[in-house]
Every structure is written in C-alpha cells, then in structure tokens.
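Lettering follows sequence order; numbering is per chain, from 1.
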2 protein chains.
Amino acid sequence: MNNTNYPEYEQPAVTVDLVIFTVSAEKLKALLVKRAREPYAGSWSIPGGFLKLGESLDDAAVRVMHEKTGVKEVYLEQLYSFGRPERDPRTRVITVTYIALIPWQDLVQPESGKVTDLGWFDVNELPGLAFDHREILVYAVNRLRAKATYSNIVYGLLPVQFRLSDLQKIYEIITDHPLDKRNFRKRMLATGLLKETGKKELTGAHRPAMLYCFKKREYVLME
Amino acid sequence: MNNTNYPEYEQPAVTVDLVIFTVSAEKLKALLVKRAREPYAGSWSIPGGFLKLGESLDDAAVRVMHEKTGVKEVYLEQLYSFGRPERDPRTRVITVTYIALIPWQDLVQPESGKVTDLGWFDVNELPGLAFDHREILVYAVNRLRAKATYSNIVYGLLPVQFRLSDLQKIYEIITDHPLDKRNFRKRMLATGLLKETGKKELTGAHRPAMLYCFKKREYVLME
DNA sequence: CCAAAAGTGTTATTGATACACCCATGC
DNA sequence: GCATGGGTGTATCAATAACACTTTTGG
C-alpha cells in the first residue's frame with residue numbers, strides 16, 4: 001500500500017466515445033469512423049478517444065467532437081458508461097459515452113467528400129460495428145427517441161432558423177411516427193419556446209413559410 | 001508507443017460510488033459512510049470502491065452494495081459518471097455512480113446500532129460531504145424524483161407486500177407533494193401493475209387494509 | 001363509543017385527437 | 001393555371017383534478 005490509500009494495481013483505461021447524430025435526407029444518421037488498426041481494423045466504430053489526465057469528461061467529449069467534425073458548439077449530453085471486462089479484447093477499457101446533435105447545415109463537408117474513413121449512416125442500416133458499439137448506438141437512439149417526446153432536444157438538430165414543417169419532419173424521423181400538422185403546430189407554439197423571426201423562406205415554388213427560432217437554444221423539458 | 005495502440009501514460013483511477021436510498025420515518029434517506037482516512041478524514045461520503053479489473057461496473061455496484069448493507073438483491077441503476085480533474089485532490093479519479101433502492105424493512109440493523117461510521121441521513125438535512133458527493137447526491141435525488149412520476153421505480157423501496165397507503169406515502173415523500181387518496185388509488189390500480197394478495201394487515205386499532213404486491217418486481221414505465 | 005386508518009363515485013375541467021379546405025408563390 | 005407546400009378551427013373523446021362520507025377494527 002502507498003500512503004494515499006489508492007490502489008497500486010493496474011487501472012483500467014478510460015475512453016470517451018460519442019454517438020453523433022444528424023438528420024439529412026429524411027433519415028436519422030450517426031457518424032462512424034473506419035478503424036485503421038487492430039482490433040477490428042477496417043470495421044466501423046463510433047468516434048472516441050482516450051481521456052487525457054487534465055481534462056474533464058465533458059471536455060474530452062468536446063475535443064473528440066471537434067476533431068471529427070470541426071464543430072465545437074453542439075448539443076452534448078452524457079449517455080451512459082459501459083465497462084464489461086471483455087468489451088475490448090486487449091485490455092480493460094471503461095468508456096463514458098455521449099450523445100451529440102449537430103444540424104446537417106453546420107457540417108463542413110456533408111456526405112464526407114473524399115474522406116472515406118468517416119461516414120454518416122442511417123441508424124436503421126448500420127454496418128457491423130467494432131467492440132460493443134452497436135449496443136451503445138442502439139442505447140443512444142432509444143434515449144434520443146424518448147427525449148424527443150418530452151423535451152426540446154431536437155433544437156440541436158436544427159439550424160438557427162427553420163420552418164415549422166422542418167421541425168415536424170425532425171420529430172417524425174426520430175420517432176418514426178407521422179404527426180398531424182395542425183395539432184403539431186398548436187402544441188409547439190403553446191410551449192412558448194418558439195419565436196417568429198419575421199423573415200420568410202424565399203426559395204421554392206410555393207407559398208413562402210414563416211421562419212421560427214428557439215427563444216433559447218438550450219435543453220428544456222416540455223409539457 | 002506500444003503495439004496495442006493503447007496509451008502508456010498514466011490512466012485515471014475508476015471508482016464506483018453508490019447513492020443508496022431508503023424511506024423511513026416519513027423521510028427519504030441516503031446511506032453515508034464516515035471516512036477514516038485523508039483526504040476528508042472524518043467527513044461523510046457516499047459508499048464506493050475501486051473498480052476491480054475483472055468485474056463489470058454493475059458487478060462493482062452490487063459488490064459495494066453488499067459490503068455496506070449486507071443486501072444483494074436490490075434495485076440498481078447507473079446514474080452518471082463524474083470526472084472533473086480536481087474532484088479528488090490526490091490523483092485523477094473517474095467515478096461511475098449508481099442509485100440503489102432498498103426497502104427499510106430489508107435492512108439488517110435499522111438506524112445502524114453501534115456502527116458509527118455508517119448512517120442514514122435525511123436527504124434534506126445532509127451533513128458536509130467529501131469530494132463532489134453533495135453534487136452526486138443532489139443529482140441522484142432529482143433522478144429519483146423524476147422517475148417516480150413516470151415509472152414504478154418505487155417498488156424498490158417497498159417490501160413484497162404493502163398497503164396502498166404505504167405506496168402513496170412513498171410517492172408523497174419522494175416528490176414532496178400530497179396526493180388525493182381516491183385519485184391515487186384509481187390511477188395505481190389502472191396501471192395493471194398491482195395485484196391484491198388477499199391477505200390483510202392485522203396490526204392497528206383501525207380497519208385492516210388489503211395488502212398488495214407488484215405483479216413483477218421490475219422497472220416498468222407507467223402511463 | 002371513540003379514535004384511527006380504509007375504502008369508495010361523481011362531476012368539472014383540461015388536454016389530446018381527428019379531420020379538410022383555402023392561400024401564396026414559381027414556373 | 002397548375003403544382004407545391006403553407007397555413008388555419010372546431011368538435012369529440014379521454015384523462016385529470018376536485019371533493020366527503022361510511023366502514024371496520026382495537027381499545
């Protein structure tokens with residue numbers, strides 16, 4: 001024993017892994033990284049990295065987010081910690097996972113042009129994933145679905161200004177249920193979280209839509 | 001670098017800490033341990049321990065629970081992972097925290113007879129706590145409050161058989177709101193999660209109450 | 001017969017759901 | 001003028017909330 005009462009035996013490694021969501025082309029998608037090295041070389045995995053000793057868990061999540069997407073200001077929420085002893089074949093690794101939400105419009109190069117080791121995948125058509133990353137991703141999708149129904153979490157998937165039909169579409173994609181347009185609008189406006197911008201959408205061969213924004217871009221429980 | 005692609009620099013320590021709840025004497029209480037050693041020697045803290053390399057996070061939680069209460073079969077749920085670099089003054093420690101619920105009646109020696117380094121504290125009258133344990137405890141209470149309103153989580157605080165008034169009292173204590181007796185009973189029976197046992201409470205100078213139990217003692221969402 | 005907790009229904013209010021047509025624009 | 005999505009109101013139904021007295025037992 002040392003005099004600090006801390007164990008001297010080996011400690012597990014700690015990583016921070018992210019399930020980064022966006023919505024595009026009517027699909028809920030997650031960002032995956034193709035692994036370059038063993039184990040699971042060539043497999044897709046969710047992005048992550050080792051926790052550095054000086055940084056908090058949240059800081060590590062922000063760092064990984066920035067490394068993979070170039071974006072810093074996003075919705076981030078700790079999801080769960082996974083730590084089965086066998087989840088990494090080499091050594092003991094505890095992973096603290098996060099959900100991140102990013103508006104499709106904020107991505108620097110949508111559909112990852114020439115970068116082939118990064119890809120956005122429809123969460124309903126996932127490739128084989130390394131480690132226990134499928135379990136993590138499924139857990140994240142369930143959490144996102146649940147929170148969409150009782151919070152304004154989807155603001156993280158929308159640009160600053162949006163049409164009510166954009167908002168409705170996001171809800172429909174995440175929960176996979178169609179919504180009634182009139183009831184949806186009534187309910188959303190009743191929350192008091194939205195504000196008309198006064199501006200109108202210009203493009204499109206149809207009546208232009210009022211653009212709305214969230215009064216505060218922060219997580220709030222609804223209803 | 002080694003050939004496993006794992007960092008050779010120092011890893012943080014990983015602990016598993018528990019917020020163990022019970023309800024007694026009309027109060028929601030948490031189990032605290034008086035620290036024997038520095039840092040925070042003499043302060044109260046939530047029970048916990050270092051993760052062993054061969055055990056899962058859940059296994060570690062069960063182990064700590066058993067060590068402190070002598071009880072193994074309890075409701076356990078992972079709460080959150082805390083990892084501010086300065087949260088332990090000596091070295092980097094990530095803690096994965098859990099909530100545990102235990103029926104007062106299951107405790108071997110209620111009000112911890114001669115054991116003075118363990119104590120049950122009203123969550124509204126907490127002593128000074130070591131590390132960031134106050135933050136963790138407050139977080140746990142909020143989670144328990146929230147879940148009480150939309151799940152049957154309170155089964156973990158009740159013995160196998162109980163009166164509907166016991167159930168109501170638990171809800172009132174956790175949420176700190178009085179409930180209407182008739183509406184409460186209607187709503188609870190409507191969930192279909194309860195079953196009459198046929199037995200009746202015997203003690204007491206009043207009409208004996210029907211005893212109920214949960215059809216399944218497992219976590220279910222309500223409403 | 002008194003104290004103590006158990007048990008039991010109805011009404012009013014509120015929120016949720018279902019549903020169909022006209023409007024403004026670009027081409 | 002036609003195709004496209006934008007925008008609006010009412011009626012029904014379901015869930016929730018408010019509310020007070022009778023019953024059974026022990027002492």
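Proximity note for A/D180 (side chain, C-beta onward) versus D/dG6, C/dC19, D/dG26: the nearest is C/dC19. Listed candidates were C/dA24, D/dG26, C/dG7. Nearest to the side chain of B/K181 is C/dG7. Looking at the side chain of B/P208, the nearest of the listed nucleotides C/dT8, D/dG6, D/dT25 is D/dT25.
Classification of the B/Y139-B/F82 ring pair by plane angle, with boundaries at 30° and 60°, yields perpendicular. Note on ring orientation: taking the six-membered ring where Trp is involved, the planes of B/W120 and B/W104 are perpendicular (angle over 60°, cut-offs 30° and 60°).
As rounded to whole Å, 17 Å separates atom P of C/dT10 from atom CZ of B/R185. Protein atom NZ of A/K200 is 21 Å distant from nucleotide atom P of D/dT4, rounded to whole Å. Rounding to whole angstrom units, CZ of residue B/R207 and P of C/dA6 are separated by 10 Å. If you take CD of A/Q168 and C1' of D/dG6, they are 12 Å apart, rounded to a whole angstrom. We find that CE of B/M210 is positioned 14 Å from C1' of D/dT23, with the value rounded to whole Å. Taking atom CG on B/L179 and atom C1' on C/dA6, their separation rounds to 17 Å, with Å as the unit. Rounded to whole Å, the distance from NE2 on A/H206 to C1' on D/dT4 is 6 Å. Computed from coordinates, the B/Y212 OH to C/dA6 P distance equals 12 Å when rounded to whole Å.
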(request) Indicate for each nucleotide in nucleotides 10-16 of chain D, in 5' to 3' sequence, whether protein heavy atoms under 4.0 Å reach the base (B), only the sugar-phosphate (S), or nothing (-). (result) B------
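Put simply, CG on A/L118 and NZ on A/K34 are 11.0 Å apart, with the number rounded to the nearest 0.5 Å. Remark: B/R63 CZ to B/K72 NZ distance equals 12.0 Å, nearest 0.5 Å. Remark: A/S81 OG to A/I94 CD1 distance equals 8.0 Å, nearest 0.5 Å.
For the residue pair B/T95 / B/D17, a side-chain donor-acceptor distance below 3.5 Å is found, with atom types taken as modelled.
OP1 or OP2 of D/dG6 lies within a sub-4.0 Å distance of a side-chain N or O belonging to A/S165.
Taking the six-membered ring where the residue is Trp, the centroids of A/Y212 and A/F162 are separated by 6.0 Å or more.
Evaluation of atom-type donor-acceptor distances gives a pair under 3.5 Å for the side chain of A/R182 against the base of C/dA20.
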